Protein chains: 2
Amino acid sequence: MSEDKSVESEAALFFAFFTEVGILAQLSRALLESRLPDGVSVAHYSVLNHLVRVCDGQTPLTLARAFQVPKNSMTHTLSGLEARGLIAMHVHPDDGRSKQVWITQDGRDFQAAAVGLLKEDVARLIPKLDTEQLEELTTALGGIRKVLDDDRSVAQSHAGPETKTP
Amino acid sequence: MSEDKSVESEAALFFAFFTEVGILAQLSRALLESRLPDGVSVAHYSVLNHLVRVCDGQTPLTLARAFQVPKNSMTHTLSGLEARGLIAMHVHPDDGRSKQVWITQDGRDFQAAAVGLLKEDVARLIPKLDTEQLEELTTALGGIRKVLDDDRSVAQSHAGPETKTP
DNA sequence: ATTATATAGTTCGAAATCGAATTAATGGAG
DNA sequence: CTCCATTAATTCGATTTCGAACTATATAAT
């Protein structure tokens with residue numbers, strides 16, 4: 001094998017990798033979506049999950065950065081959750097411009113129930129997957145994520161200073 | 001290490017993996033989107049790319065399946081491309097219900113130019129990535145994709161018979 | 001031939017997403 | 001204290017996405 005691979009083949013590999021990532025993301029997203037009750041989107045579920053598993057009391061902007069979405073998208077998602085009584089938002093005690101997002105008991109109950117919705121799917125799929133490989137892949141993907149994430153500060157002419165990862 | 005991992009930790013790994021996949025997909029998608037000219041979406045670009053790199057003359061439904069999107073979404077994407085003169089659609093000679101999608105010379109020119117839009121990004125990122133690892137990862141992800149894809153036929157109560165992968 | 005069923009594509013309405021402009025609050029410079 | 005630049009969140013408008021209903025062709029059964 002030639003050590004000095006052509007730029008083209010490297011680029012092709014680059015695209016193939018991200019194509020595969022994109023397809024996998026779409027497949028898993030579609031599966032999750034099909035399991036969620038009507039009116040609750042993947043975005044809703046993800047935020048609720050984050051509030052339970054990481055922590056609540058964060059600001060909308062912090063959440064937007066954590067999920068790599070524009071802050072107005074997060075506003076929309078949060079207002080949906082608030083309308084359903086799954087979260088509560090209060091003015092931030094230290095900064096009148098900002099808010100704190102707290103999960104409610106209903107929100108916790110919902111999240112706990114939602115985890116079970118995928119139980120069957122996970123049980124069916126796990127035996128078909130190599131758990132050890134999955135672990136290695138997760139680590140490796142995390143590394144690539146970091147590379148891309150760090151690069152975002154560098155990427156020229158990408159105007160928007162908003163939406164940066166923590 | 002215990003051979004008999006708990007279901008919970010396996011499920012957690014499962015979620016961690018797909019979370020990582022989702023974040024990577026969003027990052028790469030956002031980068032691509034920021035490079036495309038105004039009015040051309042990632043969906044437009046992907047279809048155009050497919051027509052050049054795989055083949056044109058396929059039907060909208062075939063394309064929808066290839067991209068894992070509902071057929072009406074593909075209709076929308078294709079009409080955008082047609083309005084820009086990047087593709088042409090004709091009634092299928094063998095089936096009056098169906099159509100054939102052909103890329104135009106303008107479409108080919110556009111696709112050729114678009115590849116260059118990401119050249120800088122690829123050149124900047126490739127040195128930060130392990131090419132060999134990227135290759136292994138792509139293969140491994142493809143395997144997992146296949147597992148998920150095959151599983152879709154099994155996944156109970158997933159009503160929609162439409163949108164199946166070729 | 002006629003009818004029923006299935007398939008390809010479109011239309012329609014609802015929801016999600018996001019860039020840009022807007023409003024409100026903060027914090028610093030003079 | 002006042003002004004001004006900055007930051008957090010929202011609102012607005014345009015686009016994308018998708019499920020469900022619809023139209024038209026095609027295929028099979030009788």
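The structure displayed is predicted, hence computed values, not measured ones. Just the heavy atoms: all of them, side chains too, but no hydrogens, waters or symmetry mates, feed the values below. A note on names: the letters A, B, ... follow the listed sequences, proteins ahead of strands, and every chain is numbered from 1.
Residues B:Leu137 and B:Val147 are members of one and the same hydrophobic cluster, defined by side-chain heavy-atom contacts under 4.5 angstrom among Ile, Leu, Val, Met, Phe, Trp and Tyr.
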Residue pair B:Met89, B:Val101: steps toward the side chain to side chain contact (heavy atoms under 4.5 Å, CB included) verdict: CA-CA 5 Å; B:Met89 291 169 67; B:Val101 180; 4.2 Å; yes
Side chain to side chain contact (heavy atoms under 4.5 Å, CB included) between A:Glu10 and B:Thr131, intermediate numbers included: CA-CA 7 Å; A:Glu10 285 181 331; B:Thr131 315; 3.9 Å; yes
Audit row: B:Phe17, A:Leu129, side chain to side chain contact (heavy atoms under 4.5 Å, CB included) steps and yes/no: CA-CA 12 Å; B:Phe17 170 73; A:Leu129 300 169; over 6 Å; no
Stepwise side chain to side chain contact (heavy atoms under 4.5 Å, CB included) check, A:Lys99 with A:Thr75: CA-CA 11 Å; A:Lys99 292 187 172 179; A:Thr75 295; over 6 Å; no
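The main-chain N or O of B:Leu86 is found under 3.5 Å from a side-chain atom of B:Thr104 such that the two form a donor-acceptor pair. In this structure, A:His50 contributes its side chain and A:Val47 its backbone to no donor-acceptor pair below 3.5 Å. The closest donor-acceptor contact from the side chain of B:Gln26 to the backbone of A:Gln68 lies under 3.5 Å. Distance alone, capped at 3.5 Å, places no donor-acceptor pair between the B:Arg84 side chain and the B:Val40 backbone.
Distance, B:Lys71 NZ to C:dT7 C1': 7 Å, rounded to whole Å. Going from atom CD of A:Gln68 over to atom P of C:dG19 covers 13 Å, rounded to whole Å. When rounded to the nearest whole Å, the span between CG of B:Asn72 and P of C:dT7 equals 17 Å. Residue B:Met74 contributes atom CE, which lies 10 Å from atom P of D:dC18 at whole-angstrom precision. Across the protein-nucleic acid pair, B:Arg29 atom CZ and C:dA16 atom P stand 17 Å apart, rounded to whole Å. As a whole-Å value, the separation of A:Gln58 CD from D:dA8 C1' is 15 Å. At whole-Å resolution of the value, CZ in A:Phe67 and P in C:dA16 are 16 Å apart. The distance between atom CG of B:Leu36 and atom C1' of C:dC18, rounded to the nearest whole Å, is 15 Å.
Distances shorter than 4.0 Å separate none of the side-chain N or O atoms of A:Thr75 from OP1 or OP2 on D:dA9. Contact between the side-chain N/O atoms of B:Thr59 and the OP1/OP2 oxygens of C:dA8 is not found at any separation under 4.0 Å.
In this structure, A:Ser79 reaches neither bases nor backbone, as no heavy-atom distance under 4.0 Å exists between it and the strands shown.
In this structure, CZ on A:Arg29 lies 8.0 Å from CG on A:Leu32, to the nearest 0.5 angstrom. In this structure, CG on A:Leu63 lies 5.5 Å from CE on A:Met74, to the nearest 0.5 angstrom.
Of the residues in residues 89-99 of chain A, A:Asp95, A:Gly96, A:Arg97 come within less than 4.0 Å of DNA chain C through at least one heavy atom, sorted by number.
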So which protein N/O to nucleotides 1-5 of chain D N/O distances come out below 3.5 Å?
none

Please tabulate, one pair per line, each protein N/O and nucleotide N/O from nucleotides 13-15 of chain D that are separated by under 3.5 Å, including the distance.
none

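Defined by atom type and a distance below 3.5 Å, a donor-acceptor pair is present between the side-chain atoms of B:Ser41 and B:His44.
In terms of the ring pair (Phe, Tyr, Trp, His ring centres under 6.0 Å) criterion, B:Phe110 has no residue partners (sequence neighbours excluded). When the ring pair (Phe, Tyr, Trp, His ring centres under 6.0 Å) test is applied to B:Phe14, the partners found at least two apart in sequence or on another chain are B:Phe18.
Residues A:Ser73 and B:Gln100 each lie close to DNA chain C; by heavy-atom proximity, the contact nearer the 5' end of the strand is made by B:Gln100.
Base pairing in DNA chain D yields stems of at least 3 consecutive Watson-Crick or G-U pairs, both distances under 3.5 Å, namely C:1-30 with D:1-30.
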